[in-house]
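Notes follow the structure.
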Amino acid sequence: MRLIKQNIERKTGEGSAVLLPEEPEDLWHAYNLIRPNDLLRASAIRKVISESGSGSRSNERVHTTLTIRVTKLDFDPQAAQLHVSGRVAEENKHVKLGSFHTLDLELQRNFTLEKAEGWDSVALDTLKEAVNQDAKVQLWAVIMKEGLANICLVTDHQTILRQKIESNLPRKRAGSTEHEKQMQKFFQTTFDSLLRQLDLANPKPLLLASPAYTATHFQSFIKAQAASGTNKGLRELLPKITVAQSASGHLHSLNEVLSSPAVTAKLSDTKFARETQLVDHFFTLIRKADNRAWYGPRESEKAVEQGAVGKGGGVLLISNGLFRSQEIEVRKRWVKLVDEVKEQGGEVRVLSSMHESGRRLESLGGVAVICTWPIEDLDDGEVEEEDEVHENGEVDEAWHENGDGHGIEGRVEHVEDIDFA
């Protein structure tokens, strides 16, 4: 995302920012920046019906610029499309004031955003992260088993399923080579699909994971293709391939793979690896009934009030969906919690539901804390539906409070100034 211009007042947070989405990941940032009641200005195409003096009507599609007061957002990560709906907030000769309209934010087209209640600390962090050119693709992953392959793009903020390959394979039979022939065809199809996704001019790490030896055999297939061809980029990709074991070939196994020591060692500098480690640590504390780990809005707020989520290992894990509530006071509640933890010297991680770590957090109500010391009975006096936490860290019939189940992850430091140039 490119910051074209900004006039945000440092003390009050008033002002606007003009942004240019340059790649699909930028639309995800825009989705997290724009909230209900914000003012959004962008280009639009409207169908205008004009009537002549004789009474005849004609339709014309005109390009115009509209400003709307946001009421609803719809983001499709697979298609990288962001639709923002709201009421027209400024006079326009083609559109009536107060009428509803949906703006489609597109790549390479500017939009201007003005925050309804000013740019709070979370919004400023999100803006700074959006214009950070280093936060790009981190790795590609293929989670597979015999006859099934899920090709995924993993960034700091999203895990996107780019393509799913399925193939019906015959059973292994003594004296028959049909199974092996079909496996080679399956590998070839997966390989061809993967090449269409990768940028071999600048290859990123590639993670192959499967039960048994399917991923290992696919790695050997890729090596054979590199040895027999003249594709220099493919040969440069080989040392960037990591093979790991997974419980299944389905997408949900990616979180388990990313948290494995072998993979974590290679990805330790990435933000999503840090989030995965923190969430795993949190669930480990839960399994051990360690009173340093608490989840839920009231429990988390009480822990922060007691100063237990500060220097020395305090961590606040929170879903970005909580900041997208329709109610301004609800959003302010969570911004206040984030600011308090930062002031105490604790670590803040705003997690994305598009990573498995964020989905696990949402099953706990969207907010959790790791305290620097054990705290007893934070939930005393509260009438809440109890969630059964299994030994594997999963939760039955989890409750949710505020938010729509979407998020963005990876910001720790507070923005001290807003000089983004």
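- Of all non-hydrogen atoms in Val70 and Ile34, the two that sit nearest each other are CG2-CG2, 3.8 Å.
- Remark: side-chain polar atoms of Ser99 are not paired, donor with acceptor, to backbone N or O of Val95 under 3.5 angstrom.
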Inset, instruction - Step by step, work out the salt bridge (Lys or Arg N to Asp or Glu O under 4.0 Å) result for Lys336 and Glu340. - result: CA-CA 6 Å; Lys336 178 175 179 288; Glu340 288 177 350; 2.6 Å; yes

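- For Glu256 (side chain) and Ala247 (main-chain N/O), a donor-acceptor pair under 3.5 Å exists by modelled atom type.
- Nearest heavy atoms, Leu148 versus Glu166: CD1-CG, 3.6 Å.
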Inset, instruction - Might you work through the salt bridge (Lys or Arg N to Asp or Glu O under 4.0 Å) test for Arg292 and Asp290, ending with a clear yes or no? - result: CA-CA 5 Å; Arg292 288 178 296 163; Asp290 190 315; 2.9 Å; yes

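- With Arg69 contributing its side chain and Gly86 its backbone, the two residues share no donor-acceptor pair below 3.5 Å.
- The heavy-atom pair separating Leu206 from Ala141 by the smallest distance is CD1-N, 4.4 Å.
- With hydrogens and angles left out, the side-chain atoms of Asn32 and Thr126 include no donor and acceptor closer than 3.5 Å.
- Residues Gln188 and Gln184 bring no donor and acceptor atom of their side chains to less than 3.5 Å of each other.
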Inset, instruction - With salt bridge (Lys or Arg N to Asp or Glu O under 4.0 Å) as the test, would you mind laying out the steps for Arg109 and Glu106 before giving the verdict? - result: CA-CA 6 Å; Arg109 287 193 179 182; Glu106 300 177 355; 3.4 Å; yes

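- Side-chain atoms of Asp26 come within 3.5 Å of backbone N or O of Met1 as a donor-acceptor pair.
- Taking both residues in full, the closest heavy atoms of Thr372 and Lys311 are given as CG2-O, 3.2 Å, listed atom of the first, atom of the second, then distance.
- Within the 3.5 Å criterion, the main-chain N or O of Thr67 finds no donor-acceptor partner in the side chain of Arg41.
- Side-chain contact check for Thr284 and Arg287: at least one donor-acceptor pair (N or O, by modelled atom type) lies under 3.5 Å.
- For the pair Arg235 and Ala226, the tightest heavy-atom approach, listed with the atom from each and the gap, is CG-O, 3.9 Å.
- No donor-acceptor pair under 3.5 Å is formed between the side chain of Trp294 and the backbone N or O of Ala303.
- Counting only distance, with no hydrogens or angles, the side chain of Lys115 and the backbone of Leu33 share a donor-acceptor pair below 3.5 Å.
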Inset, instruction - Would you check, one step at a time, whether the test salt bridge (Lys or Arg N to Asp or Glu O under 4.0 Å) holds for Asp125 with Lys342? - result: CA-CA 12 Å; Asp125 283 349; Lys342 290 177 178 178; 2.4 Å; yes

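- Between Phe187 and Phe221, the ring planes lie tilted relative to each other; the angle falls in the 30° to 60° range.
- Side-chain atoms of Ser85 and Thr102 form a donor-acceptor pair, as typed in the model, at a separation below 3.5 Å.
- In this structure a side-chain-to-backbone donor-acceptor pair under 3.5 Å is present from His179 to Pro170.
- Around CG of Asn168, the count of heavy atoms belonging to other residues, nucleotides or ligands within 6.0 Å does not exceed 12.
- Closest heavy-atom contact between Pro297 and Trp334: CB-CH2, 3.4 Å.
- Under a 3.5 Å cut-off, the side chain of Asn7 and the backbone N or O of Ser16 do form a donor-acceptor pair.
- Donor-acceptor pairing under 3.5 Å is lacking for the side chains of Asp76 and Gln81.
- A side-chain donor-acceptor contact under 3.5 Å links Ser253 and Ser248.
- Side-chain atoms of Asp192 never come within 3.5 Å of backbone atoms of Thr189 as a donor-acceptor pair (strictly under, hydrogens ignored).
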